[in-house]
> 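What follows is a structure written as structure tokens; I'll ask about it next.
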Amino acid sequence: MKVEYNYLPEQFKHPEATFADLRELVASGEFTLGPFMERFERKFADYLGIKHVFGVNNGTDALILSLKALGIGRGDEVITVANTFYATVGAIVAVGATPVFVDCDDRHNIDPALVPGAITERTKAILPVHWAGVPADMEAILEIAGDHGLKVVEDACPAVGAKIDGRHVGTFGDVNAFSMHPLKPLHVWGDGGMIATNDDRVAEWFKLYRNHGMVDRDHIAIWGVNARLQPFQAVVASRVLDEVDRFGDLRIRNADLLDAGLADLAEVRVPPRPDKYRNVYQLYVVLVEERDELVKHLIAKGIEAKVHYPLPLHLQEAAKDLGYEQGDFPHCEEYADKCVTLPAHQYVTPQQIEYIVQQIRTFYGAAAAPREAA
Ligand SMILES: *Cc1c(COP(=O)(O)O)cnc(C)c1O
């Protein structure tokens, strides 16, 4: 049996409806901003339950522009977690600010209890990451931010559809960033990103800044950039948005099956999954013993297991000027040593999940999964 990691060829096997929408776009000639973009931005804002949404180049630009919108730059510190994708930290550095890391908790997200200890007089913002689709503890983060007068930018890049007590992630912070990279829950045919905010002033700034600062064809109010999402990607994203919750439900079903099938193994640590969080499993991640050997075993058995990622941010060569050392963030380091990503996307069947569970149990020399679990 084969269990593939990439779901895109399967998902876009029948792109006729999207092609029809694109034909309409092409006929209109509305290739920058315009009605197709506006329609998608409105639709995504309504989906999230937020006032303003702006389409931008990619998730990384969404983070950079979010930080810029809040006036964060040289001399400022931004607190974030050391187990994230490079772009979270790259964005902080790109605006001239200094990233300050804290360790993660047992759900693999920023540990709010450690944030107060990282605050200095230079701290301007907290940047929690909804890592791999797992909502960060926004209630605790917002309370700390409120107590210390800090801004909050959510890195919701991998987490469209994730919720806390029914409320979408990416709607809690001052300005929030989403990615529409092909391997994120809401995705396009290439790169794309979104910014979401309830702040009217910030929204006014974005509208200008992503489009050269133009108030009209002949006048600019501020110096801006070109960071516009392509309308053709907005058309693609609009179709995918119609399916994103159904895909999320299928991923949750698969994750629940994996959790149940692996629960009794001493070598596998399934993170706690409190009910109030809707995790959309952009990645299904557990911590395992003998990780590299397990990954080799699974790949040999046709299961495309992966590692996201084997080296935490504070130990990357790029981070050496920040002055961190091995041992500074033990949970992030353990995560990097033990994390494995198992395929659990919307096209993985329950039979394939059973096969993955069996192969993991065989690797650890465990008996077959209890009947009701597998
Ligand atoms: C994907 C991702 C990004 C970057 O998004 P791009 O669209 O690829 O630029 C940033 N942060 C996190 C946590 C991500 O998963």
Side-chain angles (χ1 to χ4, degrees), residues 5-8 44 53-68 78-95 97 99 101-102 104 107-110 125-138 141 152-162 169-170 172-173 175-196 210 225 227-230 233-234 236-237 240-241 244 248 251 279-285 306-314 316 318-319 332 335-336 339 341 345:
Y5 179 78
N6 188 350
Y7 49 86
L8 295 165
F44 190 48
V53 148
F54 296 95
V56 294
N57 290 327
N58 53 57
T60 306
D61 277 352
L63 284 164
I64 294 172
L65 268 58
S66 295
L67 292 166
K68 263 184 140 6
V78 178
I79 296 172
T80 193
V81 69
N83 67 315
T84 179
F85 181 60
Y86 317 127
T88 313
V89 183
I92 296 169
V93 174
V95 300
F101 294 123
V102 296
C104 64
R107 295 189 309 115
H108 313 159
N109 278 341
I110 188 165
I126 309 172
L127 207 173
V129 181
H130 303 297
W131 177 240
V134 184
D137 183 350
M138 289 312 300
I141 301 279
V152 174
V153 174
E154 289 174 73
D155 182 345
C157 280
V160 169
V169 303
F172 293 87
V175 192
N176 311 302
F178 294 92
S179 168
M180 297 197 292
H181 179 279
L183 296 176
K184 307 300 162 87
L186 175 64
H187 48 258
V188 294
W189 292 347
D191 280 307
M194 301 299 285
I195 286 161
R210 77 160 169 190
V225 296
R228 304 179 296 245
L229 177 70
Q230 313 240 14
Q233 300 291 23
V236 174
V240 177
L241 185 56
V244 89
R251 286 167 177 259
N279 174 358
V280 288
Y281 297 96
Q282 185 246 339
L283 309 173
Y284 176 93
V285 182
K306 304 226 178 222
V307 175
H308 296 88
Y309 290 93
L311 190 61
L313 274 288
H314 67 290
Q316 294 283 348
C332 286
Y335 176 90
C339 68
T341 304
H345 58 73

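Counting convention: from 1, in listed order, for ligands and their atoms alike. Computation of the quantities below employed the complete heavy-atom set of this structure, encompassing side-chain atoms and omitting hydrogens, waters and symmetry-equivalent molecules. Note that the numbering runs from 1 along the sequence shown for the chain.
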> Quick check on contacts: which atoms of ligand 1 are under 4.0 angstrom from a heavy atom of Asp155?
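Answer, ordered by atom number: 10 (C), 11 (N), 12 (C), 13 (C).
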
> For the backbone of Ala136 and the side chain of His130, can you confirm whether one donor and one acceptor N or O come within less than 3.5 Å of each other?
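Checking the backbone N and O of Ala136 against the side chain of His130, a donor-acceptor pair under 3.5 Å is found.
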
> Against heavy atoms of Val129, which atoms of ligand 1 measure under 4.0 Å?
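Checking each atom against Val129, I get 13 (C).
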
> Keeping the roles fixed (side chain from Glu154, backbone from Val129), state whether a donor-acceptor pair exists under 3.5 Å.
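Pair absent, no side-chain N/O of Glu154 close to backbone of Val129.
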
> For the backbone of Gly170 and the side chain of Asn176, can you confirm whether one donor and one acceptor N or O come within less than 3.5 Å of each other?
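Answer holds: yes.
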
> For ligand 1, which atoms have a heavy atom of Pro158 less than 4.0 angstrom away?
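The atoms of ligand 1 under 4.0 Å from a heavy atom of Pro158 are 13 (C), 15 (O).
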
> Taking only heavy atoms of Thr84, which atoms of ligand 1 are found under 4.0 Å from at least one of them?
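Those of ligand 1 that fall under 4.0 Å from Thr84 are 13 (C).
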
> Hey, does Gln282 come in under 3.5 Å of ligand 1, counting only N/O atoms on both sides?
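No; every N/O pair is 3.5 Å or more apart.
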
> Can a donor-acceptor pair be found, under 3.5 Å and without considering hydrogens, that links the side chain of Arg228 to the backbone of Val56?
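Absent.
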
> What residues, two or more places apart in sequence or in another chain, satisfy ring-ring contact (aromatic ring centres under 6.0 Å, His included) together with Tyr7?
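ring-ring contact (aromatic ring centres under 6.0 Å, His included) check on Tyr7 returns His187, His345.
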
> Counting each atom of ligand 1 from 1 as listed, which ones have a heavy atom of Cys157 under 4.0 Å away?
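Near Cys157, the atoms of ligand 1 are 2 (C), 3 (C), 10 (C), 11 (N), 12 (C), 14 (C).
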
> Please state whether Asp191 comes within less than 4.0 angstrom of ligand 1, counting heavy atoms only.
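No, Asp191 has no heavy atoms under 4.0 Å from ligand 1.
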
> Of His181, His187, Lys184, Met180, which has the heavy atom at the shortest distance from atom 14 (C) of ligand 1?
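Of the listed residues, Lys184 has the closest heavy atom.
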
> Which residue holds the protein heavy atom closest to atom 9 (O) of ligand 1, what is that atom called, and what is the gap in Å?
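That would be Thr60 OG1, 2.5 Å.
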
> Report yes if Gly59 has an N/O atom closer than 3.5 Å to an N/O atom of ligand 1; otherwise report no.
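Right, the criterion is met.
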
> Under 3.5 Å, is there a donor-acceptor pair between the side chain of Thr88 and the main chain of Thr84?
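No; judged by distance alone, with no hydrogens or angles, the pair does not exist.
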
> Examine Lys306 relative to Tyr5 and say whether NZ or CZ is less than 6.0 Å from the centre of the six-membered ring and inside a 45° cone about the ring axis.
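Yes, a cation-pi geometry.
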
